[in-house]
Amino acid sequence: RRRGLQMDHNIAHAITPTTVKSSIKDIMETVYEKDHAESFPKAAEPELAFADLEELRRKIMELEKEMSRAAEELNFEEAARFRDLVRDLKERELQCL
């Protein structure tokens with residue numbers, strides 16, 4: 001019954017139903033999450049110094065393993081902290097190239 005009413009309404013008003021298309025968004029892109037992230041600044045991480053590019057890459061691999069371990073243990077806050085560190089170190093790696 002409802003489907004028939006909806007179809008009649010669509011025909012009367014020349015409406016063509018279409019599928020809702022939405023892209024998958026990063027959770028940190030939402031307004032709420034951005035506001036939340038800004039209200040709690042990142043904990044001060046010690047500045048890491050590296051002798052060479054290989055040492056930097058080893059540290060990135062080590063942090064990625066720690067991130068995976070933390071995620072497996074369902075410790076998502078720690079995993080996110082490792083993810084952010086890895087992201088920062090990868091940016092530093094790109095600057096060195």
Side-chain angles (χ1 to χ4, degrees):
R1 183 180 75 82
R2 290 182 190 167
R3 186 176 202 69
L5 290 173
Q6 184 67 54
M7 289 174 66
D8 291 341
H9 173 81
N10 289 350
I11 291 170
H13 294 90
I15 297 173
T16 304
T18 57
T19 303
V20 175
K21 295 180 182 177
S22 178
S23 63
I24 298 172
K25 298 177 182 130
D26 184 12
I27 193 167
M28 293 304 288
E29 290 179 1
T30 65
V31 175
Y32 171 78
E33 289 297 329
K34 283 183 181 179
D35 189 40
H36 179 73
E38 290 171 5
S39 64
F40 294 103
K42 276 201 274 187
E45 294 291 337
E47 184 63 31
L48 301 173
F50 300 98
D52 59 5
L53 194 56
E54 284 305 312
E55 185 180 346
L56 174 63
R57 289 179 177 156
R58 280 193 299 272
K59 184 65 175 179
I60 290 172
M61 287 175 36
E62 176 186 324
L63 290 172
E64 286 174 337
K65 288 177 185 175
E66 289 294 318
M67 178 179 62
S68 296
R69 179 198 51 77
E72 286 174 2
E73 294 174 359
L74 304 180
N75 189 348
F76 299 117
E77 290 88 7
E78 185 178 356
R81 188 174 62 81
F82 286 126
R83 179 202 60 210
D84 294 340
L85 279 172
V86 167
R87 184 181 304 143
D88 292 343
L89 291 179
K90 284 186 177 184
E91 286 178 13
R92 191 186 302 183
E93 179 185 17
L94 288 176
Q95 292 171 356
C96 291
L97 296 177

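What you see is a predicted model; the values in this text were computed from it and never measured.
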* Distance from Leu5 atom CG to Arg3 atom CZ, nearest 0.5 Å? -> 12.0 Å
* pair Glu66-Arg69: side-chain heavy atoms closer than 4.5 Å -> yes
* Asked: Between Leu56 and Arg92, what is the shortest heavy-atom contact and its length?
  -> CD2-C, 4.3 Å
* Would you mind listing the cluster partners of Leu74? Hydrophobic ones only (ILVMFWY), side-chain contacts under 4.5 Å, chaining allowed. => Phe76
* Cluster question for you: counting only ILVMFWY and a side-chain heavy-atom cut-off of under 4.5 Å, with indirect links fine, are Leu53 and Leu94 together? -> yes
* Would Arg87 and Asp84 pass as an ion pair if we require N to O under 4.0 Å? -> yes
Pairs of donor and acceptor atoms involving the side chains of residues 11-18, under 3.5 Å and at least two apart or interchain, shall be tabulated with distances.
unit_1 : atom_1 : unit_2 : atom_2 : d
His13  : ND1    : His9   : O      : 3.0
His13  : ND1    : His9   : ND1    : 3.3

* Among Arg57, Lys59, Lys90, salt bridge (charged side-chain N to carboxylate O under 4.0 Å, His left out) partner for Glu64 -> Lys90
* Roughly how far apart are Phe82 CZ and Glu62 CD, rounded to 0.5 Å? -> 8.5 Å
* Taking all heavy atoms of Ala70 and all of Ala79, pick out the closest pair and write down the distance. => CB-N, 3.8 Å
* Asked: Quick one: does Met61's side chain get under 4.5 Å of Arg58's, heavy atoms only?
  -> no
